[in-house]
Colleague: 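The following block contains the structure, expressed as structure tokens.
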Amino acid sequence: MILVILIASVLRFWNFFEIPLTHDEVSALNRTHFDNFTDLIEYGVKADTHPPGVQVFTYYWTKWFGYEQWVVKLPFLLMGIGSLLIAYSIFKKWSNETVALLIISLLATLQFTVMYSQIARPYISGMFLVLCMVYYWDGLVYRPEKHFWKNLILTAIFGAACGYNHHFSLLAAFIIGITGVFVINRKYLIKYLTLGILISILYLPNLSIFLHQLDRGGVGEWLGEPTPRFILNFLSYSFNHSLSLMFVFAGIIAIGIYHFKRNASLKTVLISGIWFFSVWIIGYYYSVHRNPVLQFSMLLFFFPFLLYTMLGWIPQLGKKTQTLLVFLVLFFGTTSLVFNRKHFEVFYANRYFQMKEDASKCDPNKTCFVFATYPHFLGIDFPRNIDFPTEYLAWEENVNTIKEFEEYIINCGKQQLFLGHVEQFPKELIAIAHHYYANVVEVNYTNGAASYLFSGGWDFQGLIYSYTANVLDYPTLNYIKEQRLSSGVYKDTNEYSLGTEVNLLEDLEHKYDLLVVHAKVKVSSQDTDIKLVAEFPNQNGSEPIYYSANSSQLFHFNPVDSTVNIVVTVSMDIVLDQQKDIPNLKTYLWNPKKIAFEIHEYTVKLWEGNRIKYCLTDDF
């Protein structure tokens, strides 16, 4: 037990003062700079999609102790360790010491639990609060004759705390509470029902905030709905995507089956399974049919009980066997975390710090700097000082549209362009930057972001790893009408103009690579609306697998020759998540008002994308 807690502590507190602030943490900290509690709730909580618990806690914690990274993270790291101690107590009581030690050994070393212990957001706190609730709920329903009211009040307090922590930990608390109705001795049932009343009273102050956030929507605005493979991907991720660790786990199951004896723990195993899979099914159904909300982090609250579902039936094993299995779990869990998942390399590489550090290496006299990220992230303090450029363009601060970005780099008048790009921002910015600065000097990818250094001077298509397909070269365009001029320029007044349908993606090397469709068109005025379309038709004739279109009005109009460069960029994982077989690309120009225009260039390219952009969850 001591060894498990020691290893868990080392993994969580490793390089303690260098643990970076994540995007969500910085966003939350940015919503704590208020003079009073009322403003905190109005502008710091209601603007978010989470209940107020962690935001209010962070507000007072930083007010008292400061904004240093380690200060912000310390309570959550301690809750990560505390979760192991409570889990051990619950599972030893429900089953035996072998089961309890194996579960906390996994919790100690899995990236899922280590990483969220290092993030000051409502995830490890949710797991901690759910475990605290279950700890007292256990005494309430299984031993109601002892300390009934004490256990009921503490169960209610932690249940309400779950509600203030996260909407999914509120769901977990609700499921736990309902379960007690079916478990507790009938003569205590009426008293037990007061638990629901007490939790409701404690939660009542948050009701108006909950309804406000529900009306606003949430992560479904940017989060895609889960696929049927979600749970399999989650299980692989939760075991560090490590075949060795999975093999050890399978060995533990085999040993458990060999020594299996029917015992009282089967009832709690069934309850634990119902708890975890209820949250997953509800989250999955809501995400598919209403609003996408389901992420791996939402399953953390009941994750210890998933492990108990898989291991809780194993009988107490001999000390030697037990010690060996715990050592194997700790060894392969730790090594897969460090070497397979590269946790301390990948997670500790803060994308905002990395962009600033990459920018500091550029000569400010010959480089213009653009950061496609939220400006307040550029102002956060990092553990070490860097010589960050004083003049730069930041999204939402100096520029808000693709056209403004394009016009800035056209007029910046310097030899190089540095672009720091976060995944949430338009990927067309990368293609536009590359169009005007054709040489790629350097690319540095991090989790969720990339730094690009472009320069002019010669035409080196450094981002392109496969051929460029020039659509103007395709002679067969049987679904449109066009006039081909000897100069290679097309003129058209049809609603649907030049295009083709081909499987250019047979050379796709990675699902995160980028498809870039580019058309240079000559139009009569900057108000002309010509749309460049890239879609992946569905073979059964229904709605396309994926559709994307950009209007010429989104881009810079060159008054000298009346041309516009239209770009559509697609990260191929969006398409492949809908269909595993690589579908055909159909691209064309849509001229809804049938205004005369000319097509001067029309190309389709495959670019190497950020293949580690989701490396905190993906296998790599």
Side-chain angles (χ1 to χ4, degrees), residues 49-51 83 87 90-91 94 103 106-107 110-117 119 121-134 137 159 162-163 165-183 214 218-220 222-241 245-246 249 253 266-313 577-578 614 616-619:
T49 58
H50 296 104
S83 297
I90 293 170
F91 298 137
W94 282 7
I103 290 175
L106 286 165
L107 294 174
L110 295 176
Q111 186 182 35
F112 188 34
T113 46
V114 171
M115 182 179 71
Y116 281 109
S117 296
I119 299 176
R121 295 300 292 137
Y123 302 111
I124 201 64
S125 57
M127 188 173 86
F128 175 78
L129 292 170
V130 167
L131 285 166
C132 288
M133 181 183 180
V134 172
W137 176 88
C162 287
N165 177 80
H166 194 284
H167 299 310
F168 265 69
S169 56
L170 171 63
L171 175 62
F174 176 78
I175 293 171
I176 294 166
I178 291 296
T179 305
V181 173
F182 301 96
V183 174
L214 192 66
V219 296
W222 54 265
L223 180 69
E225 66 181 49
T227 67
R229 290 185 56 83
F230 177 89
I231 194 64
L232 294 178
N233 293 335
F234 169 76
L235 290 173
S236 178
Y237 162 68
S238 63
F239 281 88
N240 290 351
H241 293 296
L245 185 58
M246 293 178 194
F249 190 81
I253 298 293
L266 293 180
K267 183 177 181 180
T268 51
V269 167
L270 177 62
I271 289 172
S272 293
I274 291 172
W275 285 354
F276 177 84
F277 287 103
S278 293
V279 169
W280 166 55
I281 291 170
I282 292 170
Y284 185 86
Y285 183 86
Y286 185 87
S287 296
V288 171
H289 297 283
R290 183 71 181 272
N291 184 33
V293 295
L294 187 61
Q295 302 173 78
F296 289 170
S297 56
M298 312 299 188
L299 301 181
L300 184 64
F301 310 129
F302 269 148
F303 182 64
F305 298 95
L306 171 64
L307 297 179
Y308 182 76
T309 302
M310 295 188 282
L311 298 176
W313 50 271
D577 282 345
Q578 304 299 319
Y614 299 135
L616 289 179
T617 54
D618 283 1
D619 191 11

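Along the sequence shown, the residues carry numbers beginning at 1.
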Colleague: Between Gly273 and Thr309, which heavy-atom pair has the shortest distance, and what is it?
Modeller: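 Looking at all heavy atoms of both residues, the closest pair is N-OG1, 3.0 Å.
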Colleague: Does any part of the side chain of Phe277, heavy atoms only, come nearer than 4.5 Å to the side chain of Leu299, both counted from C-beta?
Modeller: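 Heavy-atom side-chain distance check fails, nothing below 4.5 Å.
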Colleague: So which atom in Trp137 and which in Ile176 form the shortest heavy-atom distance, rounded to 0.1 Å?
Modeller: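 Taking every non-hydrogen atom into account, NE1-O, 3.3 Å.
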Colleague: Under the side-chain contact (heavy atoms from CB on, under 4.5 Å) rule, what do Phe301 and Asn165 come out as? Steps first, then yes or no, please.
Modeller: CA-CA 11 Å; Phe301 310 129; Asn165 177 80; 4.2 Å; yes
Colleague: Which atom pair, heavy atoms only, marks the closest approach of Tyr284 to Thr227?
Modeller: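 Looks like CE1-O, 3.4 Å.
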Colleague: Rounded to the nearest 0.5 Å, what separates atom OG in Ser297 from atom CE in Met127?
Modeller: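 That separation rounds to 13.0 Å.
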Colleague: Test side-chain contact (heavy atoms from CB on, under 4.5 Å) on Ile178 and Phe174 and set out the steps.
Modeller: CA-CA 6 Å; Ile178 291 296; Phe174 176 78; 3.8 Å; yes
Colleague: Between Leu300 and Thr113, is any pair of side-chain heavy atoms under 4.5 Å apart?
Modeller: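 Yes; the side chains approach each other to less than 4.5 Å.
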Colleague: Give me the atom names and distance for the closest heavy-atom approach of His50 to Pro122.
Modeller: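 Between these two residues, the closest heavy atoms are CD2-CG, 4.0 Å.
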Colleague: Can you find a heavy atom in the side chain of Phe91 that is under 4.5 Å from one in the side chain of Pro304?
Modeller: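 With C-beta onward as the side chain, the pair touches.
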Colleague: Side-chain contact test, heavy atoms from C-beta onward, threshold under 4.5 Å: evaluate it for Gln295 versus Pro226 and give yes or no.
Modeller: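 The answer is no; the side chains never approach within 4.5 Å.
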Colleague: Tyr286: what forms a ring-ring contact (aromatic ring centres under 6.0 Å, His included) with it, not counting sequence neighbours?
Modeller: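 If we apply the ring-ring contact (aromatic ring centres under 6.0 Å, His included) test to Tyr286, skipping adjacent residues, there are no hits.
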Colleague: As an exercise, state the distance from CG of Asn240 to CG of Leu110, rounded to the nearest 0.5 Å.
Modeller: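 It comes to 5.0 Å.
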Colleague: Is the closest side-chain heavy-atom distance between Leu107 and Phe303 below 4.5 Å?
Modeller: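 Side chain of Leu107 against side chain of Phe303, heavy atoms only: contact under 4.5 Å found.
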Colleague: Between Phe276 and Tyr308 (judged by ring centroids, cut-off 6.0 Å), do the two rings come close enough to count as a pair?
Modeller: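 Distance test on ring centres: not under 6.0 Å, no.
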Colleague: Measuring only between side-chain heavy atoms, which start at C-beta, is Cys162 closer than 4.5 Å to Leu170?
Modeller: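 Side-chain contact under 4.5 Å: no.
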Colleague: Let me confirm one number: the CD1-CG distance from Ile281 to Leu294, rounded to the nearest 0.5 Å.
Modeller: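 The distance works out to 11.5 Å.
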Colleague: So which heavy atom on Gln111 is nearest to which on Leu616, and how close?
Modeller: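 It is OE1-O, 3.5 Å.
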Colleague: In sequence, state the C-alpha distance, the side-chain angles, and the governing distance for Met298 and Val279, and then conclude on side-chain contact (heavy atoms from CB on, under 4.5 Å).
Modeller: CA-CA 8 Å; Met298 312 299 188; Val279 169; 5.7 Å; no
Colleague: State, yes or no, whether a side-chain contact exists between Asp619 and Tyr237 at a heavy-atom distance under 4.5 Å.
Modeller: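 No, their side chains stay 4.5 Å or more apart.
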Colleague: Determine, stepwise, if the pair Met310 / Phe249 fulfils side-chain contact (heavy atoms from CB on, under 4.5 Å).
Modeller: CA-CA 10 Å; Met310 295 188 282; Phe249 190 81; 3.8 Å; yes
Colleague: Nearest 0.5 angstrom please: Ser236 OG to Arg229 CZ, how far?
Modeller: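 These two atoms lie 9.0 Å from each other.
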Colleague: Flag the pair Trp94 / Val134 as yes when at least one side-chain heavy-atom distance between them is below 4.5 Å, and no otherwise.
Modeller: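 In contact.
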Colleague: State the OH-CE distance between Tyr123 and Met115, to the nearest 0.5 angstrom.
Modeller: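 Between atom OH of Tyr123 and atom CE of Met115 there are 10.0 Å.
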Colleague: Backbone N or O of Thr617 within a donor-acceptor pair of the His241 side chain at under 3.5 Å?
Modeller: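 Checked: pair present.
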Colleague: On the 0 to 90° scale, with breaks at 30° and 60°, tag the Tyr116-Phe112 ring pair as parallel, tilted or perpendicular.
Modeller: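 Perpendicular: the ring planes of Tyr116 and Phe112 meet at over 60°.
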Colleague: Considering non-hydrogen atoms only, spot the tightest contact between Val293 and Gly283 and give its length.
Modeller: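 Looking at all heavy atoms of both residues, the shortest contact is CG2-O, 4.5 Å.
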Colleague: Looking at OG of Ser272 and CG of Leu307, how far apart are the two atoms once the value is rounded to the nearest 0.5 Å?
Modeller: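 Rounded to the nearest 0.5 Å, the OG-CG separation comes to 10.0 Å.
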